[in-house]
Amino acid sequence: QVQLVESGGGLVQPGGSLRLSCVASGSFFGIYTMGWYRQGPEKKRELVAAITGIGATTYADSVMGRFTISRDNAKKTVYLQMNSLNSEDTAVYYCNARRTFSAAGDNYDYWGQGTQVTVST
């Protein structure tokens with residue numbers, strides 16, 4: 001089975017930066033689209049950023065220009081560099097791996113346990 005382990009969360013001041021990391025187990029890491037989702041208090045889980053196996057990226061409007069997603073397929077690791085953090089970024093951040101079976105019209109998602117990011121004075 002695929003396992004995802006996040007790290008890098010913590011408490012930061014507004015305007016500060018953090019880099020999250022997610023290390024995946026197993027083989028065929030390069031075929032997965034990797035993403036970061038977050039869930040703040042009293043909010044639904046939302047997509048923050050995603051990156052395909054060949055490096056195409058997608059970002060939520062709220063983080064565009066501040067966050068950067070990247071991946072290292074050799075290390076089976078995906079990163080989220082977060083700059084200019086504000087209180088609205090406070091959430092649990094989850095790593096996601098999505099395998100798409102296009103012929104069957106189906107997806108399968110794997111999730112990490114999450115890492116807390118708190119932005120506060």
Side-chain angles (χ1 to χ4, degrees):
Q1 63 278 351
V2 175
Q3 292 186 330
L4 305 171
V5 180
E6 304 101 330
S7 63
L11 175 65
V12 296
Q13 299 278 79
S17 297
L18 284 174
R19 189 177 76 158
L20 306 183
S21 299
C22 173
V23 180
S25 69
S27 301
F28 308 111
F29 176 79
I31 72 172
Y32 295 102
T33 292
M34 302 297 299
W36 289 96
Y37 290 71
R38 68 185 181 188
Q39 186 166 13
E42 307 296 327
K43 294 183 178 180
K44 296 180 179 179
R45 189 173 298 186
E46 64 176 353
L47 176 68
V48 177
I51 182 168
T52 71
I54 61 173
T57 59
T58 299
Y59 295 94
D61 289 343
S62 59
V63 307
M64 191 85 68
R66 299 189 297 121
F67 290 11
T68 303
I69 190 170
S70 61
R71 67 191 293 161
D72 185 332
N73 289 343
K75 296 181 178 180
K76 298 192 288 187
T77 302
V78 62
Y79 306 94
L80 185 68
Q81 178 67 47
M82 305 185 295
N83 299 325
S84 301
L85 288 162
N86 59 66
S87 61
E88 295 184 357
D89 297 315
T90 295
V92 178
Y93 284 71
Y94 297 91
C95 182
N96 167 264
R98 172 169 290 181
R99 184 176 181 183
T100 299
F101 298 89
S102 58
D106 197 22
N107 297 320
Y108 197 89
D109 290 314
Y110 301 88
W111 296 94
Q113 290 297 306
T115 184
Q116 177 72 48
V117 172
T118 302
V119 185
S120 180
T121 57

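As the structure is a prediction and not an experimental result, all values here were calculated from the model.
Linking Ile, Leu, Val, Met, Phe, Trp and Tyr whenever their side-chain heavy atoms come within less than 4.5 Å leaves Met64 and Tyr79 in two separate clusters. Residues Val48 and Ile69 fall within the same hydrophobic cluster, defined by Ile, Leu, Val, Met, Phe, Trp and Tyr side chains chained together at heavy-atom separations under 4.5 Å. Leu80 and Val12 fall within a single hydrophobic cluster, where Ile, Leu, Val, Met, Phe, Trp and Tyr are joined by side-chain heavy atoms under 4.5 Å apart, directly or via other members. Hydrophobic clustering places Leu47 together with Tyr94 (ILVMFWY residues linked when any side-chain heavy atoms are closer than 4.5 Å, directly or through intermediates). Following chains of ILVMFWY side-chain contacts shorter than 4.5 Å, one cannot reach Tyr93 starting from Tyr37, and the two form parts of different hydrophobic clusters.
Formation of a donor-acceptor pair under 3.5 Å by the Thr90 side chain with backbone atoms of Val119 is found in this model. Proximity of a side-chain donor or acceptor of Arg71 to a complementary backbone N or O of Thr33 within less than 3.5 Å is not detected. In this structure a side-chain-to-backbone donor-acceptor pair under 3.5 Å is present from Glu6 to Gln113.
In terms of heavy-atom proximity, Ile51 sits nearest to Ser70 at CD1-CA, 4.0 Å. In this structure, Thr68 and Tyr59 approach most closely via the heavy-atom pair CA-OH, 3.4 Å. Arg66 approaches Leu85 most closely through the heavy-atom pair NH1-CA, 4.0 Å. Of all heavy-atom pairs spanning Met34 and Cys95, the tightest one is CE-SG, 3.8 Å. The nearest pair of heavy atoms linking Gln116 to Val92 is OE1-CG2, 3.3 Å. For Trp111 against Arg45, the heavy-atom pair with the smallest separation is CE3-NH1, 3.4 Å.
Remark: the Arg99 side chain and the Tyr32 side chain contain no N/O donor-acceptor pair separated by less than 3.5 Å.
Taking the side chain as every heavy atom from C-beta outward, Leu11 and Ser120 approach each other to under 4.5 Å. Proximity of Val117 to Met82: side-chain heavy atoms (C-beta onward) are separated by under 4.5 Å at one or more points. Phe28 has its side chain out of reach of Val2: every pair of non-hydrogen atoms, C-beta onward, lies at least 4.5 Å apart. No side-chain heavy atom of Ser21 sits under 4.5 Å from any side-chain heavy atom of Lys75.
Within a 6.0 Å radius of CD in Gln39, more than 12 heavy atoms belonging to other residues, nucleotides or ligands are found.
For Ser17, the side-chain contact (heavy atoms from CB on, under 4.5 Å) partners at least two apart in sequence or on another chain are Gln81, Asn83.
In this structure, CZ in Phe67 is found 8.0 Å from CG in Leu20, a value given to the nearest 0.5 Å. With values rounded to the nearest 0.5 angstrom, Ile31 atom CD1 is found 13.5 Å from Ile54 atom CD1. With rounding to the nearest 0.5 Å, the separation of CG in Asp89 from OG in Ser62 is 7.0 Å. Distance check: Thr52 OG1 to Arg98 CZ gives 13.0 Å after rounding to the nearest 0.5 Å.
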